[in-house]
*Asks:* 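Pasting a structure below so you can have a look.
Along the sequence shown, residues are numbered consecutively beginning with 1.
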Amino acid sequence: MGERTSDQSLNRVVIANAVILVALLHTIRFGYDFGASDQDEFVPAALRALDTTLFKSDWLVMWQSAGFNVRTPTIMLLSALGSVLSIQGAALLLYIASFALIALAAIRLVQLVTNSRVAVFIAPVLMLVATPRFTLGGNDLTHTLLVPSMLAWALALHGVVMLLKRRHLAAGLLFGLATLFQPLVGIQTAGLSVLAVAATSPRATMLGEVRRLLSVAVVAALVASPVLLFILRTQLGGGASVPAAREFDLLVRIRAPHHFLPTAYPAESFLRFGVLAVAGLSATMLAPVLKPLRRFLIALYLVVAVACVGYVLGVVHLELLPVAKMQLMKSTVLIKVFACVAVSASVGVRLTERHKSRTGESNLFHHLGSSKGTTLALLGLLAGTVTMANFVPALGQRFGIMDRRDSSWSALHDWARSSTPIDDLFAVPPSNSDMRTFSRRAVASNFKAFAFQPEAMLEWNTRLVAFSNNPDIATHFIPGNELDASYETMETADLLAIADRYGVDHFVRRTRVTETDSASATRVRLLQTLVGSRAGVGDSLFVYTTVTE
């Protein structure tokens with residue numbers, strides 16, 4: 001869509017250098033993590049796919065393994081690679097591939113209007129390093145660890161490139177694959193982009209364009225049919241035993257208001273997004289280089305604005321569950337992408353032209369980044385940064401390729417794997433999200449790992465109320481530190497009651513249990529005390545075991 005405004009050729013070395021540079025800067029600024037946070041929703045299930053003796057007493061992992069769900073494609077891909085590599089290696093490989101493809105998509109999008117080498121280097125850096133979460137709803141393209149949305153954005157953005165190049169079948173295939181890994185990313189990116197293209201099509205060719213755009217939708221739907229059929233069967237209709245109002249509360253108010261509820265977004269997110277959106281729109285309107293994409297960009301802004309306004313009305317004012325599940329605020333990521341493309345193209349071309357006018361040289365940036373020596377130097381810096389993390393503690397805390405939690409937790413993971421039966425069930429502070437992955441032991445309940453199906457969501461919340469000892473989590477979001485504090489207040493009788501109810505073998509706590517009930521105390525015994533191995537590093541952990549009568 002549109003002609004390039006520069007006659008400079010961009011070879012593979014230049015593009016490779018731009019990708020490696022942004023990877024280096026992203027790694028230095030944000031680091032890399034593994035085995036915690038959102039990965040608690042799919043890494044343990046991938047581990048079980050490789051070893052079915054694991055997690056037999058873990059209700060969430062067993063639920064995930066029992067049938068198809070929205071995380072199944074990610075679990076299948078991760079476990080397939082993990083059978084050849086390790087799970088850590090598979091996650092790292094997929095992270096690198098996803099990041100590189102997203103960076104490459106940024107370059108391909110800016111190339112739609114210019115081959116300015118400056119713009120090519122600016123676009124991925126601006127998009128992935130300089131504007132973290134300049135969006136609404138806590139969404140972004142990349143993160144510090146592999147998540148399904150990164151896989152989806154890596155495919156969906158290239159789908160947009162293909163759509164703008166009028167390669168409709170390729171676009172449909174990429175949108176469909178993106179939907180397999182993260183339905184919201186794939187569906188929203190495809191739908192909004194297709195609408196923007198349709199809105200800017202000339203009337204004379206409208207019928208033919210509509211047919212071609214329909215082919216995009218058909219191909220995408222066929223490729224993503226396993227996930228789409230699952231959504232139609234289980235998500236849109238709500239659960240038979242879970243009222244829609246209760247499911248709305250579980251999703252919107254309790255689990256992720258920072259994603260679902262616009263009134264819960266931090267004020268600074270509106271400011272950041274507003275500044276970036278205005279900068280992108282200004283560049284779109286004023287920069288001649290963006291003329292080939294101008295109508296599309298304006299249409300995209302309007303389509304996303306309508307979607308977001310409709311979402312606010314549907315969620316905040318009407319509390320409609322189907323609207324909430326669409327999470328249309330994710331569409332602001334697409335605005336961020338094109339705002340960064342517009343700004344990068346405008347700035348890159350202006351810098352190039354300004355130098356030309358002052359020096360008379362037409363090839364100032366002709367050799368910028370085109371040296372293979374530069375490639376080797378950037379790769380060396382990237383490898384060196386990660387390698388140094390193993391020797392410099394302050395730097396190592398930014399890289400979680402191995403278990404780098406504080407040493408008492410590392411000791412717990414090692415002890416659990418070596419000294420407890422594989423079927424033992426652990427209770428941990430609700431904010432913990434890495435016990436499953438690093439200990440290879442089942443967890444009775446925690447906040448982060450979530451099941452995207454009504455009945456399972458209700459079970460998640462019921463357990464969280466019991467194990468956090470905080471009934472308020474049944475109605476609204478409670479920060480993790482508050483849930484942990486409530487968990488630590490449970491006495492021997494409380495622990496024994498939920499141990500008998502859920503079959504818990506061990507309770508992990510940061511504080512000692514108050515033994516107010518002597519009868520219960522005989523059945524809840526301190527089994528192990530784990531302390532940080534270095535002075536001042538890590539808090540003590542106390543492991544209590546329950547004794548069957």
Side-chain angles (χ1 to χ4, degrees), residues 33-48 50-51 53-65 71 75 78 86-88 91 145-146 400-451 459-460 463-464 466-469 480-481 483-488 490 495 498-499 502-511 513 526-533 538-546:
D33 205 357
F34 168 78
S37 190
D38 288 357
Q39 287 192 351
D40 203 23
E41 289 181 357
F42 60 90
V43 169
L47 287 168
R48 176 167 171 78
L50 295 172
D51 182 355
T53 64
L54 293 174
F55 304 115
K56 288 183 178 179
S57 54
D58 193 303
W59 78 273
L60 178 65
V61 178
M62 293 303 294
W63 172 81
Q64 289 177 317
S65 303
R71 294 288 180 255
I75 292 167
L78 188 61
S86 62
I87 286 293
Q88 290 95 327
L145 75 172
L146 176 73
I401 298 175
M402 306 301 289
D403 179 2
R404 52 86 166 161
R405 314 299 156 189
D406 66 57
S407 54
S408 56
W409 281 99
S410 296
L412 170 65
H413 299 151
D414 293 340
W415 172 81
R417 292 183 71 169
S418 62
S419 304
T420 65
I422 198 169
D423 290 335
D424 274 9
L425 180 62
F426 282 75
V428 295
S431 69
N432 179 276
S433 63
D434 59 19
M435 182 69 182
R436 290 183 176 96
T437 295
F438 289 116
S439 72
R440 303 295 199 269
R441 292 297 180 268
V443 170
S445 170
N446 68 342
F447 181 85
K448 195 65 177 179
F450 192 67
E459 175 66 17
W460 166 85
R463 286 173 174 259
L464 197 57
F467 282 91
S468 69
N469 196 33
N481 61 329
L483 294 177
D484 289 355
S486 298
Y487 169 79
E488 298 288 344
M490 286 193 286
L495 299 182
I498 60 174
Y502 291 104
V504 176
D505 298 293
H506 308 288
F507 289 87
V508 179
R509 290 168 55 109
R510 297 186 179 94
T511 59
V513 174
L526 180 62
L527 178 66
Q528 188 82 1
T529 301
L530 300 156
V531 185
S533 59
D539 298 324
S540 299
L541 290 177
F542 303 97
V543 183
Y544 287 83
T545 187
T546 58

*Asks:* Give a yes or no on whether the backbone of Asp484 and the side-chain of Ser431 come within a donor-acceptor separation of less than 3.5 Å.
*Replies:* no
*Asks:* State which residues pass side-chain contact (heavy atoms from CB on, under 4.5 Å) with Ser445; sequence neighbours excluded, sorted by chain then number.
*Replies:* Arg463, Leu464, Phe467
*Asks:* In Å, rounded to the nearest 0.5 Å, how long is the span from CH2 of Trp409 to CG of Asp434?
*Replies:* 7.0 Å
*Asks:* State, with a plain yes or no, whether a side-chain heavy atom of Val504 is found less than 4.5 Å away from one of Ile498.
*Replies:* no
*Asks:* What distance separates Ser410 OG from Asp414 CG, expressed to the nearest 0.5 Å?
*Replies:* 6.5 Å
*Asks:* Under a 4.5 Å cut-off applied to non-hydrogen side-chain atoms, are Trp415 and Thr420 in contact?
*Replies:* yes
*Asks:* Taking side chain as C-beta onward, heavy atoms only, is Arg48 less than 4.5 Å from Lys56?
*Replies:* yes
*Asks:* Taking all non-hydrogen atoms of both residues into account, name the closest pair between Val61 and Ala45 and its distance.
*Replies:* CG1-CA, 4.0 Å
*Asks:* Kindly compute the distance separating CE (Met62) from CG (Leu54), expressed to the nearest 0.5 Å.
*Replies:* 11.0 Å
*Asks:* Rounded to the nearest 0.5 Å, how far does CZ of Arg440 lie from CZ of Phe55?
*Replies:* 7.0 Å
*Asks:* Identify the two heavy atoms, one from Ser439 and one from Arg417, that lie closest to each other, and give their separation to 0.1 Å.
*Replies:* O-CG, 2.7 Å
*Asks:* Which residues pass the salt bridge (Lys or Arg N to Asp or Glu O under 4.0 Å) test with Arg71, not counting sequence neighbours?
*Replies:* Glu41
*Asks:* For Asp40, enumerate each residue passing the side chain to side chain donor-acceptor pair (under 3.5 Å) test, keeping only those at least two apart in sequence or located in another chain.
*Replies:* Arg436, Asn446
*Asks:* Using side-chain contact (heavy atoms from CB on, under 4.5 Å) as the criterion, list what pairs up with Thr511, not counting sequence neighbours.
*Replies:* Glu488, Arg509
*Asks:* Please check this pair: side chain of Gln39 against backbone of Leu146, looking for a donor-acceptor N/O pair closer than 3.5 Å.
*Replies:* yes
*Asks:* Nearest heavy-atom pair of Tyr487 and Pro430: which atoms, and what distance?
*Replies:* CB-CD, 3.7 Å
*Asks:* Do Ile87 and Leu50 have side chains that approach each other closer than 4.5 Å (heavy atoms only, starting at C-beta)?
*Replies:* yes
*Asks:* Flag the pair Val513 / Phe507 as yes when at least one side-chain heavy-atom distance between them is below 4.5 Å, and no otherwise.
*Replies:* no
*Asks:* Do any side-chain atoms of residues 421-428 form donor-acceptor pairs under 3.5 angstrom with protein atoms, and if so which ones, sequence neighbours left out?
*Replies:*
from: Asp424; atom 1: OD2; to: His506; atom 2: NE2; distance (Å): 2.8

*Asks:* Which atom pair, heavy atoms only, marks the closest approach of Ala91 to Leu78?
*Replies:* N-CD1, 3.7 Å
*Asks:* Taking the side chain as every heavy atom from C-beta outward, state whether Leu495 and Thr546 have any pair of such atoms under 4.5 Å apart.
*Replies:* no
*Asks:* Rounded to the nearest 0.5 Å, how far does CG of Asp58 lie from CH2 of Trp63?
*Replies:* 12.5 Å
*Asks:* Keeping Trp460 on the side-chain end and Phe447 on the backbone end, is there a donor-acceptor pair under 3.5 Å?
*Replies:* yes
*Asks:* Salt bridge (Lys or Arg N to Asp or Glu O under 4.0 Å) with Asp505: which residues, sequence neighbours excluded?
*Replies:* none
*Asks:* Measure across Ala36 and Leu145 and return the closest heavy-atom pair with its distance rounded to 0.1 Å.
*Replies:* O-CD1, 3.3 Å
